[in-house]
Amino acid sequence: MPANPTTAIILGTGLGKLAAEIHSASSIDYKDIPNFPVSTVEGHSGRLIFGKLGNKDIMAMEGRFHFYEGYSMKEVTFPIRVMHELGIRTLFVSNAAGGTNPDFEIGDLMIITDHINALPENPLRGKNFPTGPRFLDMHEAYNRELISQAKAIAAEKGIKVQEGVYLATQGPTYETPSEYKMFRIWGADAVGMSTVPEVIVANHCGMKCFGISVITDLGVEGKIVEVSHEEVQKAADAVQPLMADIMREMINRA
Ligand code: HPA
């Protein structure tokens, strides 16, 4: 096991295959870690991987926890607390999301510039942990330097990227047309069911965060059709190599 990874990645939808590129790796199943939740969603396995991506020491979470699975916000974000204790300073995340920005297309990658927490709870509710202040500043929840770097990398590689605000709902329902419309009015470019809790806690732990959404369906008036988990997976799988290309390079430079 590498002594000190300072970079971690949550292999959300669209990045699962990156796990196979982590070499010199050892892993620990979530079920073997005290207090760790165990993931229940199809297509998400559950283990922490420690190894090298390129020549960078990395810790990866294969399988993440969602509020809709029934976990408390403390459970959803417990792995971030563990990462912090292990010395992680930078967090990379990915997710699948429905696009509410009318300029987006299915298969677009969206660099997350900011988020809106539309979950019913904040993971920092309750006794404050000494990792950060009671009232946490969130003016730069997603690190601007990492965002610029991602845009530069995408341009170098000729990969089209969008930028925007990610809004997290509790799920597990996708949105009604009226909900998509409301979230657009609120300022969301994309809607999903993850990432925000982890990023809040990572910020509370002083980590730099960077995230990308794969736009797997459209919540745009006139373009709304039935959404299924299978279609979301399929759309995410199709752009997985491009997402991996950007993340690999970001991690290499982190
Ligand atoms: N809404 C919420 N979560 C999602 C969506 C969506 O349209 N697509 C993928 N995850």
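Just so we're clear, the structure is a prediction, and the values are computed from it rather than from any experiment. Each ligand, and each atom within it, is numbered from 1 in the order the structure gives. Nothing fancy with the numbering, it's 1 onward along the sequence.
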Checklist entry - Below 4.0 Å from any atom of ligand 1, is there a heavy atom belonging to Gly219? => result no

Item to check | Whether Tyr30 and Phe65 hold their rings parallel, tilted or perpendicular, with breakpoints at 30° and 60° | outcome: tilted

Item to check | Residues His66 and Ser194: side-chain donor-acceptor under 3.5 angstrom | outcome: no

Checklist entry - Do NZ/NE/NH1/NH2 and the carboxylate oxygens of Arg253 and Glu249 come within less than 4.0 Å? => result yes

Next on the checklist: Out of all atoms in ligand 1, which are within 4.0 Å of some heavy atom of Ala96? Include the element for each.
Outcome noted: 9 (C), 10 (N)

Checklist entry - Heavy-atom contact under 4.0 Å between Thr216 and ligand 1? => result yes

Checklist entry - Leu86, Ile9: one ILVMFWY side-chain cluster at the under-4.5 Å cut-off? => result yes

Checklist entry - Among protein heavy atoms, which sits nearest to atom 5 (C) of ligand 1, and what does the distance come to when rounded to 0.1 Å? => result Gly98 N, 3.4 Å

Next on the checklist: Within the 4.0 Å heavy-atom shell around Tyr180, which atoms of ligand 1 are there?
Outcome noted: 1 (N), 6 (C), 7 (O)

Checklist entry - Could Lys151 and Glu163 be called an ion pair, given the rule that one side-chain N must be under 4.0 Å from one carboxylate O? => result yes

Checklist outcome for this item: Heavy-atom proximity to atom 4 (C) of ligand 1 ranks first, among Leu167, Asp217, Val191, Thr169, for Val191

Item to check | Numbering as shown, the atoms of ligand 1 that approach Met193 to under 4.0 Å (heavy-atom distance) | outcome: 2 (C), 3 (N)

Item to check | Flag, side chain of Asn122 to backbone of Leu124, donor-acceptor distance under 3.5 Å | outcome: yes

Checklist entry - What residue and atom, counting heavy atoms only, is the protein's closest point to atom 1 (N) of ligand 1, and at what distance? => result Glu175 OE1, 2.6 Å

